[in-house]
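Quantities reported herein were computed from a predicted structural model and do not represent experimental measurements. By convention in this document, chain letters (A, B, ...) are assigned in the order of the sequence lines, proteins followed by strands, and residues within each chain are numbered from 1.
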Number of protein chains: 2
Amino acid sequence: MLTIDVKSRKPIYEQIIDNIKELIIQGVWSRDTQLPSVRQLAGDLAINPNTIQKAYSELERQGIIYSMKSKGSFVASGVDELRKERKEQLFKEFGRILEEMREIGITSREIEERLQEQWKGVQND
Amino acid sequence: MLTIDVKSRKPIYEQIIDNIKELIIQGVWSRDTQLPSVRQLAGDLAINPNTIQKAYSELERQGIIYSMKSKGSFVASGVDELRKERKEQLFKEFGRILEEMREIGITSREIEERLQEQWKGVQND
DNA sequence: GAAGTGTACTAATTGAGATAGTACAACTAA
DNA sequence: TTAGTTGTACTATCTCAATTAGTACACTTC
């Protein structure tokens, strides 16, 4: 379910945060789904429980999950907000890339072509 | 000309590498332009000469610049390749983002609109 | 010869991230 | 009741990449 790359430049606890957010956005975990316990997940991923704790704390601080002593940690509402947030994030990044493409002299024609190419065979519009 | 952010997660020497590549791509520095000396740049940026040396070494390894003992460091050819490389990089990133947008349910219509928005007032195609 | 080049070392420092270990309060199930 | 599991808190230590500090050498230029 969750995977990490110890060699990545991105810290493990951030990978876990992103990973969990992704699972929620994808709908794999829905509201009130119980997350693996700190110790359980630490065991599965073969990393230190403190690292998991750090990820969970941050997720709770962001309102993504909620934790109850001696009960466990669970997915908070936030799915729609999470989707919206990611959407804004993507558009922002999208804009940044377009900007750089423009600077380097890539034409809108080229981009349109690439867009068509990528979207072919997909009927979501 | 060159700026760095010591607080960035990206190492200083990498920032310098990217910074110099950018200057070349933008045409600010052309072939055989002499780069600031290791000590000079270190002084300007208020960082250690070894860090500059590390950046220059990597740039030379990549064939972006060439260095001559007691002469200095200079821009190598590579401008076109650099542009091409960046272009491919951008399209790759572009594709990655489109993919993620599709996964999250953003329509091609939305993207088209964003594209028009960003490209308005620009006549390069 | 003095100043400035790239280059090559070794040693020390820094700081974020991760680990190790222990402990406590509260809930659950046997 | 008791054993096991939960989140949480805390300190100490380790690790590793990045950076700094300092010195030195060979060479060019003026």
Side-chain angles (χ1 to χ4, degrees), chain A residues 1-21 24 29 31-76 78, chain B residues 1-21 24 29 31-76 78:
Chain A
M1 202 66 115
L2 279 160
T3 56
I4 56 168
D5 175 14
V6 293
K7 293 178 183 174
S8 169
R9 168 169 300 181
K10 186 186 286 185
I12 296 175
Y13 76 93
E14 274 191 27
Q15 293 183 47
I16 292 170
I17 289 173
D18 293 348
N19 228 319
I20 288 176
K21 280 186 180 177
I24 297 174
W29 286 352
R31 184 205 282 267
D32 295 330
T33 295
Q34 180 161 15
L35 275 65
S37 79
V38 171
R39 294 172 180 84
Q40 175 71 45
L41 187 53
D44 290 350
L45 299 179
I47 58 176
N48 194 283
N50 291 335
T51 305
I52 306 293
Q53 174 61 26
K54 189 171 183 181
Y56 279 17
S57 293
E58 177 59 19
L59 282 168
E60 187 169 22
R61 198 195 63 79
Q62 292 182 19
I64 313 280
I65 68 173
Y66 62 93
S67 299
M68 293 188 295
K69 233 174 195 171
S70 72
K71 288 295 193 75
S73 299
F74 307 84
V75 175
Chain B
M1 202 67 114
L2 279 160
T3 55
I4 55 167
D5 175 14
V6 293
K7 294 178 183 174
S8 169
R9 168 169 299 181
K10 186 187 286 185
I12 296 175
Y13 75 93
E14 273 191 28
Q15 292 182 48
I16 293 170
I17 290 173
D18 293 347
N19 228 319
I20 289 176
K21 279 186 181 177
I24 297 174
W29 286 355
R31 184 205 283 267
D32 295 331
T33 295
Q34 178 161 15
L35 275 65
S37 79
V38 171
R39 293 173 180 82
Q40 175 72 45
L41 187 52
D44 291 349
L45 299 179
I47 57 176
N48 194 282
N50 292 335
T51 306
I52 306 293
Q53 175 61 26
K54 188 171 183 179
Y56 279 17
S57 292
E58 176 60 18
L59 282 168
E60 188 170 22
R61 198 194 62 79
Q62 292 182 21
I64 313 282
I65 69 174
Y66 63 93
S67 299
M68 292 187 297
K69 235 174 193 169
S70 74
K71 287 297 194 73
S73 299
F74 306 84
V75 175

What's the spacing between [X] [atom1] and [Y] [atom2] if we round to 0.5 Å?
X	Y	atom1	atom2	value
B:I20	B:Y56	CD1	OH	4.5 Å
B:I17	B:I12	CD1	CD1	12.5 Å
A:I24	A:I65	CD1	CD1	8.0 Å

Report the distance from atom [atom1] of [X] to atom [atom2] of [N], rounded to the nearest whole Å.
X	N	atom1	atom2	result
A:I4	C:dG17	CD1	C1'	13 Å
B:I12	D:dA18	CD1	P	11 Å
A:Y66	D:dT6	OH	C1'	14 Å

From C-beta outward on [X], which listed nucleotide comes closest to its side chain: [options]?
X	options	value
A:N48	D:dA18, C:dT28, C:dT19	C:dT19
B:S73	C:dC9, C:dG6, C:dC27	C:dG6
B:K54	C:dC27, D:dA18, D:dG7	D:dA18
A:Q53	C:dT7, D:dG7, D:dT20	D:dG7
B:V38	D:dG7, C:dT19, C:dT7	C:dT7
B:S70	C:dC27, D:dG22, C:dT5	C:dT5

So does [X] get a side-chain nitrogen or oxygen closer than 4.0 Å to the phosphate oxygens (OP1/OP2) of [N]?
X	N	result
B:Y13	D:dA18	yes
A:T51	C:dT19	yes
B:K71	C:dG6	no

Non-hydrogen atoms of A:E60 and A:S67 that approach each other most closely: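 Closest approach of A:E60 to A:S67, heavy atoms only: OE2-N, 3.2 Å.
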Upstream residue (5' side of DNA chain D) when A:E60 and B:I47 are each assigned their closest nucleotide: A:E60
Relative to the 5' end of DNA chain D, which residue comes earlier, A:S67 or A:R9, by the nucleotide with the nearest heavy atom? A:S67
A:L35, A:N19, A:D44 screened by side-chain contact (heavy atoms from CB on, under 4.5 Å) with A:L2, the one that passes: A:N19
So what does A:E14 touch, heavy atoms closer than 4.0 Å: a base, only the sugar-phosphate, or nothing? nothing
Taking atom types as they are modelled, is there a donor-acceptor pair under 3.5 Å from the base of C:dG6 to the side chain of B:R39?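 Pair found.
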